[in-house]
Student: 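Got a structure here, written out as structure tokens. Questions coming.
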Amino acid sequence: ICRNERAPVMLKRARLLFAVAVVLALVILATSFPIGQLMQARSSAAVAATELSRVQRENRALASEVRRLKTGSAIQQIAHEDYGLVEPGQRSYVVMPRNGSSRAGAAAGPLGNHQIPQSDLVPSDSVLSPPAPSRNPGAGRSFWQRLVNRLEFWKAVV
């Protein structure tokens with residue numbers, strides 16, 4: 001009989017000890033498990049995925065730009081707009097606004113605030129397409145005539 005009276009108390013102690021052990025195991029697991037690191041890794045993975053999609057979009061845009069720039073019309077357009085090049089037989093003119101122009105659009109242009117000296121203006125066709133050399137360039141002409149002929153492009157500036 002004595003043994004039966006102690007059984008419920010020992011059972012209660014065993015259950016209490018088991019519950020304390022479970023709680024202690026959960027506390028140890030919760031404190032040693034790297035939850036913070038996992039959350040940080042997950043957020044950095046999301047940031048990396050966003051960056052990857054942005055870079056892929058930019059790569060697709062740049063690839064289409066490369067395909068477009070390989071066409072002859074795009075090359076011709078860039079050569080004309082950025083470098084002032086023209087096809088053989090064409091002439092290129094640059095129209096500058098007058099000094100002291102009262103129009104609002106003249107001052108708003110890319111060269112509206114700059115004064116370009118007349119000596120710096122050279123027609124682009126004289127620079128880009130020099131005259132075709134003859135078989136004997138100095139035949140029948142003196143040294144001074146050849147020199148003046150070589151400096152002929154300055155006539156357009158004056």
Student: Scan the side chains in residues 17-28 for donor-acceptor partners under 3.5 Å anywhere in the protein, sequence neighbours excluded, and list what turns up.
Tutor:
none

Student: Give me each pair satisfying salt bridge (charged side-chain N to carboxylate O under 4.0 Å, His left out) with a member in residues 73-85, each pair once, sequence neighbours excluded.
Tutor: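 Pairs touching residues 73-85 that pass the test: none.
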Student: For Q56, which residues count as a side chain to side chain donor-acceptor pair (under 3.5 Å) partner, sequence neighbours excluded?
Tutor: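 So Q56 forms no side chain to side chain donor-acceptor pair (under 3.5 Å) with any residue.
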Student: What heavy-atom pair brings A61 and S64 nearest, and what distance separates the two atoms?
Tutor: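 Heavy atoms only, the tightest pair is O-OG, 2.8 Å.
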Student: Mind checking side chain to side chain donor-acceptor pair (under 3.5 Å) for Q37 and listing every partner two or more places apart, or none if nothing turns up?
Tutor: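 Partners of Q37 by the side chain to side chain donor-acceptor pair (under 3.5 Å) criterion come out as none, since no residue qualifies.
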Student: So which pairs with a foot in residues 61-73 pass salt bridge (charged side-chain N to carboxylate O under 4.0 Å, His left out), sequence neighbours left out?
Tutor: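 Qualifying pairs, neighbours excluded: E65-R68.
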Student: In the hydrophobic clustering (ILVMFWY, side-chain contacts below 4.5 Å, transitive), which residues join V55, or is it alone?
Tutor: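 Besides V55, the cluster holds no residue at all.
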Student: Return each pair, listed once, that meets salt bridge (charged side-chain N to carboxylate O under 4.0 Å, His left out) where at least one residue sits in residues 10-37; pairs must be two or more places apart or across chains.
Tutor: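 Pairs touching residues 10-37 that pass the test: none.
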Student: Where the side chain of H80 meets the backbone of L85, is there a donor-acceptor pair that is under 3.5 Å apart?
Tutor: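 Checked: pair present.
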Student: Using the side-chain contact (heavy atoms from CB on, under 4.5 Å) criterion, which residues pair with E58? Sequence neighbours excluded.
Tutor: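 Applying side-chain contact (heavy atoms from CB on, under 4.5 Å) to E58 gives R54.
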Student: Under the side-chain contact (heavy atoms from CB on, under 4.5 Å) test, which residues partner T71, sequence neighbours left out?
Tutor: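 Testing T71 for side-chain contact (heavy atoms from CB on, under 4.5 Å), a comparison that skips the adjacent residues, returns S73, A74.
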Student: Indicate the atoms forming the closest heavy-atom contact of L69 with I78, along with that distance.
Tutor: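 That would be CD2-CD1, 3.4 Å.
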Student: If the condition is side chain to side chain donor-acceptor pair (under 3.5 Å), which residues does R42 pass it with, not counting sequence neighbours?
Tutor: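 R42 satisfies side chain to side chain donor-acceptor pair (under 3.5 Å) with no residue once adjacent residues are dropped.
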